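Here the structure comes first, spelled out in structure tokens, and everything after it is commentary.
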Amino acid sequence: MNPYEIRFSKEAVKDIKRLTPNLKDKLKNILEKRIAPEPYSEKKLVGDLKGFFSIRLTYKDRIVCSIDEEHKTIYVHRTKTHYGE
């Protein structure tokens with residue numbers, strides 16, 4: 001069992017629906033094997049996104065999440081590109 005629960009924003013759910021089956025599997029693997037066990041090991045964002053973390057899903061797509069330490073919950077906010085579409 002992972003020490004952190006993972007929850008998704010409405011925007012992240014929309015993003016996930018647009019991913020290919022292979023990318024959905026990759027996302028699940030990243031969330032379970034990398035983020036949930038060690039959420040602070042990923043890239044810290046700065047500026048307007050200070051307090052969020054970014055993990056590469058593909059060359060252009062990123063997983064953007066935040067951590068609620070008190071409730072041991074990771075909130076996934078986006079799983080799609082930040083380069084525009």
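A quick note: this is a predicted structure, and the numbers were derived from the prediction, not measured. Nothing fancy with the numbering, it's 1 onward along the sequence.
- Glu69 and Tyr4 share a donor-acceptor pair across their side chains, judged by distance under 3.5 Å alone.
- Both Leu31 and Leu23 are members of a single hydrophobic cluster when ILVMFWY side chains are connected at heavy-atom separations under 4.5 Å.
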_Does Lys72 form a salt bridge (charged side-chain N to carboxylate O under 4.0 Å, His left out) with Glu5? I'd like the steps, not just the answer._
CA-CA 6 Å; Lys72 296 289 187 197; Glu5 179 181 358; over 6 Å; no
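- One distance of note links CD of Glu42 with CD1 of Ile55; it measures 4.5 Å at 0.5 Å rounding.
- Here the NE2 atom belonging to His71 is positioned 9.5 Å from the CZ atom belonging to Arg7, to the nearest 0.5 angstrom.
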*Take Arg56 and Arg62 through the side chain to side chain contact (heavy atoms under 4.5 Å, CB included) test and state the conclusion after the steps.*
CA-CA 5 Å; Arg56 186 180 291 265; Arg62 303 288 185 276; 3.1 Å; yes
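- Taking the six-membered ring wherever Trp is involved, the centroid distance between the rings of Tyr40 and Phe53 falls below 6.0 Å.
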*Decide yes or no on side chain to side chain contact (heavy atoms under 4.5 Å, CB included) for Asn22 and Lys26, but give the supporting numbers first.*
CA-CA 6 Å; Asn22 284 346; Lys26 183 176 180 181; over 6 Å; no
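- Looking at Ile16, Val64, Asp61 one by one, the single match for side-chain contact (heavy atoms from CB on, under 4.5 Å) with Thr79 turns out to be Ile16.
- Using a 4.5 Å cut-off between side-chain heavy atoms of Ile, Leu, Val, Met, Phe, Trp and Tyr, with links allowed through other members, Leu27 and Phe52 fall into different hydrophobic clusters.
- For NZ of Lys28, the number of neighbouring non-hydrogen atoms (other residues, nucleotides, ligands) closer than 6.0 Å is 12 at most.
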*Worked check of side chain to side chain contact (heavy atoms under 4.5 Å, CB included) between Leu19 and Lys80*: CA-CA 8 Å; Leu19 295 176; Lys80 204 73 175 125; 4.3 Å; yes
*Would you please test His77 and Ser66 for side chain to side chain contact (heavy atoms under 4.5 Å, CB included) and show each step?*
CA-CA 8 Å; His77 300 278; Ser66 62; 2.7 Å; yes
